[in-house]
Amino acid sequence: MISEKLKIVQEKISEKCKEANRDTSEIKLIAVSKNFGLDAIQAAYDEGIRDFGENKAQELDAKFASFENKIIWHFIGNLQRNKVRFVVNSAEYIHSVDSLLLASEINKYAGKINKIQKILLQVKTSNEETKSGIIGESELRDIAFYCREFHNIELIGLMTIAPFTENRDLIKKSFRTLYKLKNKLNAEGLNLKELSMGMTSDFDLAIEEGATMLRIGSAIFGERDYSKDWKEKL
Ligand SMILES: *Cc1c(COP(=O)(O)O)cnc(C)c1O
């Protein structure tokens, strides 16, 4: 049951916040509903969840249409430039901006529909081959400062995905890297507030390291069944 799973997650978040001397109000829980159907989203919605995360433009677009404006959508996946308009139409936040070209495209489309699009820059904080994100501090700085020229973008923070490993120290290190980058950029004149980090297997560490947005899927909805396409579940 989603309500029970959700309760467990929320209790774990409060416990961890207490340990880390943080207030739970600093932390936004984003329920990652990718590959789950509308019934699962509705069940979490009925439990009071309003923030949901999706990683595919078309899937988000379809789900957005079903829920009108009741839900705050977060786009957390790899975004191709030709899909930008779907995502800008539906997402309150785009967490996965990893190039200036993409930021520029988002700005352009947001301008067309008169929107200020909230974005986060995705940073690669580990050496894993498969993780996307901006590599290197100087490139991040360049992109982050350049975003100030884009009048239809509001850069609100940084996002990362920890390496896929059992080694908790490496995961913690990756989160700490993101935290330090945020502080550094803010010391140089930016005003980044959000750190989007932490998933089902590592959100406890993310809370310790300063996360403000947790992206949690399977702990809330159960294991994802990839044998069926999302379209079959709507
Ligand atoms: C799927 C996904 C999550 C959630 O993963 P779980 O392990 O199910 O909590 C978080 N962030 C991103 C970018 C994802 O693609």
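Residues take their numbers from the sequence shown, with the count starting at 1. For the numbers below, each heavy atom of this structure counts, side chains included, while hydrogens, waters and symmetry mates do not. One-based numbering, in listed order, for ligands and for the atoms of each.
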Can you tell whether the side chains of Lys16 and Glu19 come within less than 4.0 Å, N to carboxylate O? yes
Flag the pair Glu137 and Lys184 as a salt bridge only when some basic side-chain nitrogen lies within less than 4.0 angstrom of an acidic carboxylate oxygen. yes
Would you kindly check if the NZ (Lys) or CZ (Arg) of Lys63 is within the cone defined by 45 degrees around the ring axis of Phe52 and under 6.0 Å from the six-membered ring centre? no
With hydrogens left out, which residues have an atom under 4.0 Å from ligand 1, given that only heavy atoms count? Val32, Lys34, Ile76, Ile161, Met199, Thr200, Arg215, Ile216, Gly217, Ser218, Arg224
Could you work out the complete set of other residues in the hydrophobic cluster of Ile116, with links drawn between I, L, V, M, F, W and Y side chains under 4.5 Å apart? none
Share the residues that join Leu101 in a hydrophobic cluster, the rule being Ile, Leu, Val, Met, Phe, Trp or Tyr side chains under 4.5 Å apart at the heavy-atom level. none
Which residue pairs pass the ring-ring contact (aromatic ring centres under 6.0 Å, His included) test when at least one of the two sits in residues 195-224, sequence neighbours left out? Phe36-Phe221
